[in-house]
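Whatever order the structure lists ligands and atoms in, that order sets their numbers, starting from 1. Along the sequence shown, residues carry numbers from 1. Remember, it's a predicted structure, so these values are computed and weren't measured experimentally.
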Amino acid sequence: MRIVLLGAPGSGKGTQAKILVKKQGIPHISTGDLLRSAIAAKSKLGLAAKQVMDRGDLVSDEIVLGMLKERLSETDAQKGFILDGFPRNLVQAEMLSELFAELGLSLDHALLIEVDPDEVVARIAKRAEIEGRSDDTEEVVRNRLQVYKEQTAPVADYYKEQNIVSEIMGAGTIEDVQKRIEAVLRF
Ligand code: B4P
């Protein structure tokens, strides 16, 4: 199964993806995690990405697509995957469609997790206290939400035209959201 998770920062994409990995037996591929690993490895790419991420802006499409292609070519991704954080804009959505066409693959589900913006800010503030991520400060989170509204929200419409979007209410506990996702995937 090939799934794309869509939703604002803090909507629970990464959180739900980690649970789905266990249930579906397919890997979780997060472009945010791939970028954070590049930063931790202090690679040239990572250093360039860090400056962009610390502002809450999007890293260049070519860099992210390059990393993603490499990850998708690994053995564990051949049986399917949960894509988290990609595509982040319409250009990336088109790049993904082209890549899938080349590989003869198709997407089964685009799950759009919907959460109220105030809830998102509160969740990320809580994570900031625990993890101290440099892009989780209030000012940067507000920019990430603006970038989501302008650049990422249209991706849901792109997939709606393909009739593969399921809207998931992201309010409630992590378990509540998980149950809603499972109900959709059963069909
Ligand atoms: P990401 O790593 O994708 O960060 P995110 O949007 O905050 O999502 P994440 O998955 O971490 O959080 P979640 O909602 O699960 O991106 C970071 C940056 O990387 C971007 O700003 C950008 O610069 C760059 N980037 C990534 N992909 C890119 C791309 N394709 N192109 C260009 N740039 C890219 O969870 C948030 C918090 O909420 C957690 O603490 C969690 O515990 C909590 N939570 C989740 N569900 C909850 C619930 N139901 N109730 C209460 N709390 C909940």
Item to check | Shortest reach to atom 3 (O) of ligand 1 by a heavy atom, considering only K13, M67, R88, M53 | outcome: R88
Checklist entry - Out of K126, K18, R123, whose heavy atom is nearest to atom 46 (N) of ligand 1? => result R123
Item to check | Option of least heavy-atom distance to atom 27 (N) of ligand 1 (set: L96, T31, V147) | outcome: T31
Checklist entry - What residue and heavy atom of the protein are closest to atom 45 (C) of ligand 1, and at what distance? => result T15 OG1, 3.3 Å
Checklist outcome for this item: among protein heavy atoms, the one nearest atom 12 (O) of ligand 1 is R127 NH1, 3.1 Å
Item to check | Side chain, backbone, both or neither: the part of V64 lying under 4.0 Å from ligand 1 by heavy atom | outcome: side chain
Next on the checklist: One residue to check: R144. Relative to ligand 1, which of side chain, backbone, both or neither has a non-hydrogen atom less than 4.0 Å away?
Outcome noted: side chain
Next on the checklist: Within ligand 1, which atoms have a heavy atom of T173 less than 4.0 Å away?
Outcome noted: 49 (N)
Item to check | Under 3.5 Å: donor-acceptor pair, side chain of R144, backbone of D135 | outcome: yes
Checklist entry - Taking both backbone and side-chain atoms of V177, is any N or O found less than 3.5 Å from an N or O belonging to ligand 1? => result no
Next on the checklist: Donor-acceptor pair, distance only, cut-off 3.5 Å: does the side chain of N143 make one with the backbone of R55?
Outcome noted: yes
Next on the checklist: Would G172 count as a polar contact of ligand 1, with the cut-off being nitrogen or oxygen pairs under 3.5 Å?
Outcome noted: yes
Checklist entry - To the nearest 0.5 Å, how far apart are CD in E70 and CG in L65? => result 11.0 Å
Next on the checklist: For atom 14 (O) of ligand 1, what's the nearest protein heavy-atom neighbour? Residue, atom name and distance, please.
Outcome noted: G12 N, 2.7 Å
Checklist entry - At a non-hydrogen distance cut-off of under 4.0 Å, which region of D57 contacts ligand 1 (side chain, backbone, both, or neither)? => result backbone
Checklist entry - Can you tell me if S134 uses its side chain to pair, donor with acceptor, with the backbone of D54 under 3.5 Å? => result no
Checklist entry - Any side-chain heavy-atom pair from L96 and L83 closer than 4.5 angstrom? => result yes
Checklist entry - Between G10 and ligand 1, does any nitrogen or oxygen pair lie at a separation below 3.5 Å? => result yes
Checklist entry - Which bit of Q92 gets closer than 4.0 Å to ligand 1, counting heavy atoms only: side chain, backbone, both or neither? => result side chain
Item to check | N/O separation below 3.5 Å, I124 to ligand 1 | outcome: no
Checklist entry - Going by the order shown, which atoms of ligand 1 are within less than 4.0 Å of some heavy atom of G85? => result 27 (N), 28 (C), 29 (C), 30 (N)
Checklist outcome for this item: Quick look: R133 vs ligand 1, heavy-atom contacts under 4.0 Å, and the answer is side chain
Checklist entry - Name the one of I82, D84, L68 that satisfies side chain to side chain contact (heavy atoms under 4.5 Å, CB included) with I29? => result L68
Checklist entry - Is there a donor-acceptor contact under 3.5 Å linking the side chains of Y148 and S11? => result no
Item to check | D135, any N or O under 3.5 Å of ligand 1 N or O | outcome: no
Item to check | Part of E131 with heavy atoms under 4.0 Å of ligand 1, whether side chain, backbone, both or neither | outcome: neither
Checklist entry - Taking atom CZ of R127 as the centre, does the number of heavy atoms from other residues, nucleotides or ligands within less than 6.0 Å exceed 12? => result yes
Item to check | V52-ligand 1 polar pair, N/O distance under 3.5 Å | outcome: no
